[in-house]
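Remarks on the structure that follows.
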Amino acid sequence: MKAVLFYGLIPLVLGSISLGFHPKAANWTAPEPGEGEAVLLDVQAWDASILWVDARSNLEYKQGHVPGAISLNDENFETNLAEVLNQWQPGDRILVYCDTQLCDASHSMAGRLRNEVGLDDVWILFGGWKAWKGLN
């Protein structure tokens, strides 16, 4: 019985070790900005008006946010969307952020603004609130 357990564990151990060297292994470093994502330093150089949208929870928004940002998340989408549309002007870029680059709320909210509302110039702030706080 012990031999069966021992020989059964060998493939698991070897497989786990080789996974760390596999070319498709998870990347534990910060990813590069993808399509539709903007780095804060690039955003500061944009020659367009920016409408900031905070996709974090209502509590996180109350604890601090980019000045002028509108809170828009799944909890308040129906009530706060009108405020976003009232402040948005043609030619404005909408920049959505959440907590960090690992947070998915900004991607979800940007998708909703593009797909459900029909806005085109919607971007995601790479690094989110933490990136903004780090430079301001």
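Computed over heavy atoms, backbone and side chain alike; hydrogens, waters and symmetry mates excluded.
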Q.
Restricting to non-hydrogen atoms, name the atom on Ile124 and the atom on Ser106 that form the minimum distance, rounded to 0.1 Å.
A. CG2-OG, 3.4 Å
Q: Scan for ring pair (Phe, Tyr, Trp, His ring centres under 6.0 Å) pairs involving residues 65-91, sequence neighbours excluded, and state none if there are none.
A: Tyr61-His65
Q. At what distance, to the nearest 0.5 angstrom, does CG of Asn73 lie from CD of Glu60?
A. 9.0 Å
Q.
Within this structure, what is the OG-CZ distance for the pair Ser49 and Arg93, rounded to the nearest 0.5 Å?
A. 10.5 Å
Q: Check the angle between the aromatic planes of Tyr97 and Trp52 and answer parallel, tilted or perpendicular using the 30° and 60° thresholds.
A: perpendicular
Q. Is it true that a side-chain atom of Arg114 and a backbone atom of Val122 form a donor plus acceptor pair closer than 3.5 Å?
A. yes
Q. Should Val117 and Leu81 count as side-chain neighbours, where that means a heavy-atom distance under 4.5 Å?
A. yes
Q. Step by step, would you call Asp121 with Ile94 a side chain to side chain contact (heavy atoms under 4.5 Å, CB included)?
A. CA-CA 6 Å; Asp121 207 358; Ile94 296 177; over 6 Å; no
Q | Minimal non-hydrogen separation, Cys103 against Cys98, with atom names | A | SG-SG, 2.5 Å
Q | Residues that Glu116 engages under side-chain hydrogen bond (donor to acceptor under 3.5 Å, both in side chains), provided they are two or more places apart | A | Arg112
Q. Can you list every salt bridge (charged side-chain N to carboxylate O under 4.0 Å, His left out) pair that touches residues 79-88, not counting sequence neighbours?
A. none
Q.
If we ignore hydrogens and angles and just use 3.5 Å, is the side chain of Gln87 paired with the main-chain N or O of Val84 as donor and acceptor?
A. no
Q) Which salt bridge (charged side-chain N to carboxylate O under 4.0 Å, His left out) pairs, counting each pair once, include a residue from residues 49-58, with sequence neighbours left out? A) Asp54-Arg56
Q) Among all residues two or more places apart in sequence or in another chain, which pass the side chain to side chain contact (heavy atoms under 4.5 Å, CB included) test with Asn80? A) Ser71, Leu72, Asn76
Q | Heavy-atom pair of closest approach, residues Leu125 and Leu95 | A | N-CD1, 3.7 Å
